[in-house]
Amino acid sequence: MERSSRNFKENMASPVELSVIVPTYNERPNVGRVVEALDASLAGISWEVIFVDDDSPDRTAEAVRSLARRDRRVRCLQRIGRRGLSSAVIEGALSSSSPYIAVIDGDLQHDERLLPEMLSRLREGRHDIVIGSRYAPGGGTGNWEKSRVSVSRWATRLSRAVIHTDLSDPMSGFFMITRDAFSARARNLSTLGFKILLDLFASAPGGLRYLELPYQFRQRSLGESKLDTQAMWEYAMLLGDKLFGRFVPIRFLAFVFVGGLGVLVHLALLALLYRVAELGFVTSQAAATLGAMTSNFALNNVLTYRDKRLRGWRWLRGWISFCAACSIGALANVGIAYFLFEMDTQWLLAGLAGVLVGAVWNFALSQTYIWNRPHRA
């Protein structure tokens, strides 16, 4: 405690040089341990830590604020109604004013002892970003299972589609970047998914001057891993945005993909109700339509708009609004298709035009009114 007090007084004597951004979700047990680890590693450096918390149910934000009342180097940025590691990092970085920005996980799996060397390398002025690499000589993934290593390697190979550098670990979530380099690319970042480093390199016209430093990935000791089956979907969304985002919004492509799955759901339900249950065609068609709309809404809620996911009563209100919007979209679909058909347009083209108009209508209303409302806790 004596050393911590001494470090605190030394750091308060000069402007903050380094802001450490820590995105959190249900990391309450680790908050104090992160600050202690940073305090031990960054002695003699004027620093601050910004916990960007996505309204964690375990009240991580409260733990951060409690600590911040005793230590002015600790800050809390609580976000309500939105989630996502990349967007959390961006907002945290934009809320700071220091010349150097570090990104580190809140689970203590990154080696914070590497931060002083990262800062020293950036001070030299020869690099824009210094990256902690698990795959550079001397680095390692700890006790990862072979399947997780394979997935990481596969994702690294896919990243070559959007970046053209020889990074050994473009999937790393542990790095330090200069303020100027970050600010020059901030407006081009997609905010999608959890791989902010890949986004930075893909959004960097002319490239970034980088250096990789090896480190050993640690085992999580407290809390639960945030990796889930949707992580790869978010990664695919990021890659798609960087490849096609300049031509068409990636959310629209995801929306159309979900709509395609909805067609299959509709046909399956229609066959089940009409051919198997032997209900009337109109009844079967109506039930299949409602089922497909519900399927589309649920999938869009967890995939296309995962960072704006609706829950509880807001889910129910969103579903009702979505069904209403899609009903109007269906009328627009039929109306446009019929009009073009009557104008001697080939039937297939007329049908496709109707589908496109309906999809654009549904997407526009969903984007504007369903998944863009003010979020409440």
Sub-3.5 Å donor-acceptor pair from the side chain of Glu36 to the main-chain atoms of Val31, do we have one?
no
Should Ile104 and Ile21 be marked as a side-chain contact (heavy atoms from CB on, under 4.5 Å) after you check the CA-CA gap, both sets of side-chain angles, and the distance that decides it?
CA-CA 6 Å; Ile104 191 169; Ile21 312 301; over 6 Å; no
side-chain contact (heavy atoms from CB on, under 4.5 Å) for Val22 and Val49? Distances and angles first, verdict last.
CA-CA 7 Å; Val22 185; Val49 57; 3.6 Å; yes
Judged by atom type as modelled, is there a donor-acceptor pair below 3.5 Å linking the side chain of Ser172 to the main-chain atoms of Gly132?
yes
How about Arg59: does its CZ atom have over 12 heavy atoms from other parts shown lying under 6.0 Å from it?
no
Applying a strict under-4.5 Å side-chain criterion to I, L, V, M, F, W and Y, I'd like to know whether Leu77 and Val103 cluster together.
yes
Hey, what do you get for OG (Ser133) to CZ (Phe217), rounding to the nearest 0.5 Å?
12.0 Å
Between OG1 on residue Thr304 and CZ on residue Phe257, distance to nearest 0.5 Å:
9.5 Å
Taking all heavy atoms of Asp105 and all of Gly173, pick out the closest pair and write down the distance.
OD1-O, 4.3 Å
Side-chain heavy atoms nearer than 4.5 Å, only ILVMFWY residues, links allowed to pass through others: does that put Met293 and Leu264 together?
no
Any idea which heavy atoms bring Leu108 and Ala37 closest together, and the distance?
CD2-CB, 4.3 Å
Any side-chain to backbone donor/acceptor pair from His127 onto Arg209? Under 3.5 Å, distance only.
no
Val16 backbone acceptor or donor facing Ser98 side chain under 3.5 Å:
no
Could you list the residues that satisfy side-chain contact (heavy atoms from CB on, under 4.5 Å) with Glu117, not counting sequence neighbours?
Leu114, Arg121, Leu213
Looking at Asp107, is its backbone amide N or carbonyl O close enough to the side chain of Asn30 to form a donor-acceptor pair, meaning the two atoms are under 3.5 Å apart?
no
Between Gln367 and Tyr305, is the side-chain contact (heavy atoms from CB on, under 4.5 Å) condition met? List the steps.
CA-CA 9 Å; Gln367 182 93 341; Tyr305 296 100; 2.7 Å; yes
Side chains of Leu200 and Phe175: closer than 4.5 Å at any heavy-atom pair?
yes
Examine distances only and state if a side-chain atom of Arg70 and a backbone atom of Ser66 form a donor-acceptor pair shorter than 3.5 Å.
yes
Check side chain to side chain donor-acceptor pair (under 3.5 Å) between Arg28 and all other residues, then give those that pass, not counting sequence neighbours.
none
Are Gln78 and Arg65 linked by a side-chain donor-acceptor pair shorter than 3.5 Å?
yes
Same cluster for Leu38 and Leu67 if Ile/Leu/Val/Met/Phe/Trp/Tyr side chains link at under 4.5 Å?
yes
Does Arg79 pair with Asp55 as a salt bridge, N-O distance under 4.0 Å?
no
Does the side chain of Leu261 come within less than 4.5 Å of Ser295's, by heavy atoms?
no
Single-linkage hydrophobic cluster, 4.5 Å side-chain cutoff, Val263 and Leu269 together
no
Rounded to the nearest 0.5 Å, how far does CG of Leu42 lie from CD of Glu112?
8.5 Å
Give the minimum heavy-atom separation between Pro57 and Tyr25, together with the two atoms involved.
CD-OH, 3.5 Å
Answer whether the closest heavy-atom distance between the side chains of Val35 and Val74 falls below 4.5 Å.
yes
Quick one: pull up CD in Glu27 and CZ in Phe51 and give me the separation to the nearest 0.5 Å.
9.5 Å
Hey, is Arg73 close enough to Asp39 for a salt bridge, meaning N to O under 4.0 Å?
yes
Whether the side chain of Ser120 engages the backbone of Pro116 through a donor-acceptor N/O pair (distance < 3.5 Å, no angle test) should be reported.
no
Output yes when a side-chain donor or acceptor of Ser183 lies under 3.5 Å from a complementary backbone atom of Asp180, and no otherwise.
no
Is a side-chain donor-acceptor pair under 3.5 Å present for Asp53 with Ser56?
yes
For Thr24 and Thr60, does a side-chain donor sit closer than 3.5 Å to a side-chain acceptor?
no
Side-chain (Asp169) to main-chain (Arg134) donor-acceptor, under 3.5 angstrom
yes
Between Phe363 and Trp371, is a ring pair (Phe, Tyr, Trp, His ring centres under 6.0 Å) present by the stated rule, with each step listed?
CA-CA 10 Å; Phe363 174 73; Trp371 281 283; 9.7 Å; no
In the single-linkage hydrophobic clustering (I, L, V, M, F, W, Y; side-chain heavy atoms under 4.5 Å), do Ile177 and Leu189 co-cluster?
yes
Is the count of non-hydrogen atoms from other residues, nucleotides or ligands lying under 6.0 Å from Arg113 atom CZ greater than 12?
no
Got Met118 and Phe174 here, is their nearest side-chain heavy-atom distance under 4.5 Å?
yes
Kindly compute the distance separating CH2 (Trp315) from CG (Asn301), expressed to the nearest 0.5 Å.
7.5 Å
Thr294 and Trp319: side-chain contact (heavy atoms from CB on, under 4.5 Å), yes or no, with the steps?
CA-CA 7 Å; Thr294 301; Trp319 171 73; 2.9 Å; yes
Crowding at CZ, Arg187 (>12 non-hydrogen neighbours, <6.0 Å):
no
For Glu212 and Tyr135, does a side-chain donor sit closer than 3.5 Å to a side-chain acceptor?
no
Would you check if Met176 and Ile129 make a side-chain contact, meaning some heavy-atom pair closer than 4.5 Å?
no
Taking NZ, NE, NH1 and NH2 as the nitrogens, is one of them in Glu17 or Arg179 under 4.0 Å from a carboxylate oxygen of the other?
no
As an exercise, state the distance from CG of Leu208 to CG of Leu211, rounded to the nearest 0.5 Å.
12.5 Å
If I compare all heavy atoms of Ser96 with all of Ile101, which pair ends up nearest, and what's the gap?
OG-CG1, 4.4 Å
Side chain of Arg185, backbone of Ala181: donor and acceptor closer than 3.5 Å?
yes
Quick one: does Glu48's side chain get under 4.5 Å of Arg75's, heavy atoms only?
yes
Any Tyr100 side-chain heavy atom under 4.5 Å of Leu119 side chain
yes
